[in-house]
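A short worksheet on the structure shown next.
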Amino acid sequence: MAKFETPFLDQLETGPWPSFVSDLKQEAESRAKNERNIEYQIPQDCCDDLLGVVELSYKHGRTHWKHGGIVGVFGYGGGVIGRYCDQPEMFPGVAAFHTMRVNQPSGKFYTTKFLEDLCELWERRGSGLTNMHGATGDIIFLGTTTEQLEEVFWELGHNLNQDIGGSGSNLRTPSCCIGQARCEYACFDTQDICHDLTNEYQDELHRPAFPYKFKFKFDGCPNCCVASIARSDLSFIGTWRDDIRIDQKAVKAYIGGEFPPNAGAHAGRDWGPFDIQKEVIDLCPTKCMRYEDGKLEVNTPECTRCMHCINVMPRALRVGNDKGASLLVGAKAPILDGAQMATLLVPFIKIESPYTEIKETVIEPIWDWWMEEGKNRERLGELIKREGFQKVLEVTGFKADPRMIKEPRSNPYVFWKEDEVPGGFKRDINEFRKFHQR
Amino acid sequence: MDQAEATEKIVAALKKKAKTKSKFYFNDLAKILDEKPRAAKKFINAMVIDEVLEYWSSGSTSMYGLKGAGKQSAGEGED
């Protein structure tokens, strides 16, 4: 029997998608029955109270959560987000209901035992409610009391060998795609660099000294499965420098219908026979491909690695052999004042352990600049807009490159300095007048 | 500058502003110390460990304050 009537929330469950309300009710019921005799360390009915407070928020049209605070684990300035209910008498089970972010394993590989252990810990010391995974990529533990924070942290560290993640003005938990573990498109070992930088930059992850959040994300190929280009301050996107590898026999097999295009995706209806001209060649954004006399050709200098042809015919086309990554800077995806895509900083760099070049020529100079010049709550992308992309080139030492602009004159924040231009900005007016009238 | 001197500077500056402000951005503290961010971070972290300062976080932004200072209810005249 539910503790509170929840007519508004019940309505949410009637939609066509799975509802978080059903999940909350399921967990509330499970905690009430406690069939596994768990020694709950926070109120057993916290999920009932959570349903109650959310219902009340719908009724009042205003939130009953107070957000933020001084809670955390000792020595860490991130990973815990304080949450309090402003109706603690009515809903004592969620009077303090803090969120914990737990650093997810690279590529989100889990063993069943590890998942069970995580759930067991959180059933016992938290609400049992999780978000796998949050937008940052972390394992999100939703709802526990202040007293349980250190306990959860201790058990995570000592029993599960797991750290908590980033929040606040910190390096956020780095996140990567599944990478070379499962994906033939991956041009570098996303999991290894994600793990390496997570360990290397522990201080930046846990002790806030940045103007605002900073995110690394690692995509093994331009398909960008973790959307690094759209939402990370420093985005790593796998690419290659040589030609796309073409298996002409397999191309013919696609055309002949032996292999399903898109590896069988979109097979829910009959789209007719595969048409390489219509479905691949004509859709190439730079028109760098042609299929003539039974042979597929790609003009590599024109190819922008959009991945479309490779995605459609993965058995015939493969990424090149000379692999590395492009590094882009300054993306953000805020809720309020508009998203910004990343800008290319390093067209190509080899991604090889121990990643010293990346750390010393890209990450650390950028951080030093942003920490000194960034205003409070200013993301890297905003600083780049304010001070100019030239400044990024200056602090990192990379040279301006045509690939950094989308098209001539579309990046008005790339400027030259006088000493970089042959002859400087001054001219001999008499010499000029020999060729041009007033 | 040694740690004791840094702590003294920060505590004095924060106490001076205590009536109007109880939470400070990291950059504000670095300015008080007149140090580059990386050098300031070492001093400020030590102050957190010594429980002179404490972190405050909204979830997206972090700030620092003197331990125990600044309750919102007091700021709005409810105490």
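These numbers come from the heavy atoms of this one structure, side chains and all, not from hydrogens, waters or symmetry mates. From a predicted model like this one, the values you see are computed outputs, not experimental measurements. Letters A, B, ... are given to chains in the order of the sequence lines, protein chains preceding strands, and every chain is numbered from 1.
- Shown here for B:Ser57 and A:Gly168, the closest heavy-atom pair between the two residues is OG-CA, 4.2 Å.
- Other residues, nucleotides and ligands contribute at most 12 non-hydrogen atoms within 6.0 Å of the NZ atom of B:Lys42.
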Apply side chain to side chain contact (heavy atoms under 4.5 Å, CB included) to A:Asn376 and B:Asp28, showing your working. CA-CA 9 Å; A:Asn376 296 327; B:Asp28 302 334; 3.9 Å; yes
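- Contact tally against chain A (heavy-atom pairs below 4.5 Å) for B:Val48, B:Leu29, B:Asn45, B:Ile44: the top residue is B:Asn45.
- Here A:Pro208 is the residue among A:Ser167, A:Pro211, A:Pro208, A:Gly166 with the most heavy-atom pairs under 4.5 Å with chain B.
- By number of non-hydrogen pairs under 4.5 angstrom with chain B, the leading residue of A:Gly77, A:Gly75, A:Gly69 is A:Gly69.
- Residue-environment remark: CD (B:Glu8) stays at or below the threshold of 12 foreign heavy atoms within 6.0 Å.
- Counting heavy-atom neighbours within 6.0 Å of A:Glu357 CD, excluding the residue itself, gives a total of 12 or less.
- Of the listed residues A:Arg207, A:Lys375, A:His67, the one with more heavy-atom pairs under 4.5 angstrom with chain B than any other is A:Arg207.
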Decide yes or no on side chain to side chain contact (heavy atoms under 4.5 Å, CB included) for A:Phe210 and B:Ser62, but give the supporting numbers first. CA-CA 9 Å; A:Phe210 287 153; B:Ser62 305; over 6 Å; no
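- Expressed to the nearest 0.5 Å, how far OH of B:Tyr55 lies from NE2 of A:His206 amounts to 10.5 Å.
- Looking at B:Ser58, its side chain never comes within 3.5 Å of a backbone N or O of A:Gly68 through a donor-acceptor pair.
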Side chain to side chain contact (heavy atoms under 4.5 Å, CB included) between B:Lys41 and A:Asp203: does it pass, once the steps are laid out? CA-CA 10 Å; B:Lys41 186 176 182 180; A:Asp203 195 54; 3.0 Å; yes
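- Counting all heavy atoms, side chain and backbone alike, B:Asn27 lies closest to A:Met371 at OD1-O, 3.6 Å.
- Partners of A:Ala96 by side chain to side chain contact (heavy atoms under 4.5 Å, CB included), not counting sequence neighbours, listed by chain and number: A:Tyr84, A:His98, A:Thr146.
- Only the side chain of A:Phe74 comes within contact range of chain B, with heavy atoms under 4.5 Å apart.
- In this structure, NZ on A:Lys213 lies 7.5 Å from OG1 on B:Thr61, to the nearest 0.5 angstrom.
- Here the shortest heavy-atom pairing between A:Arg172 and B:Gly59 reads NH2-O, 3.6 Å.
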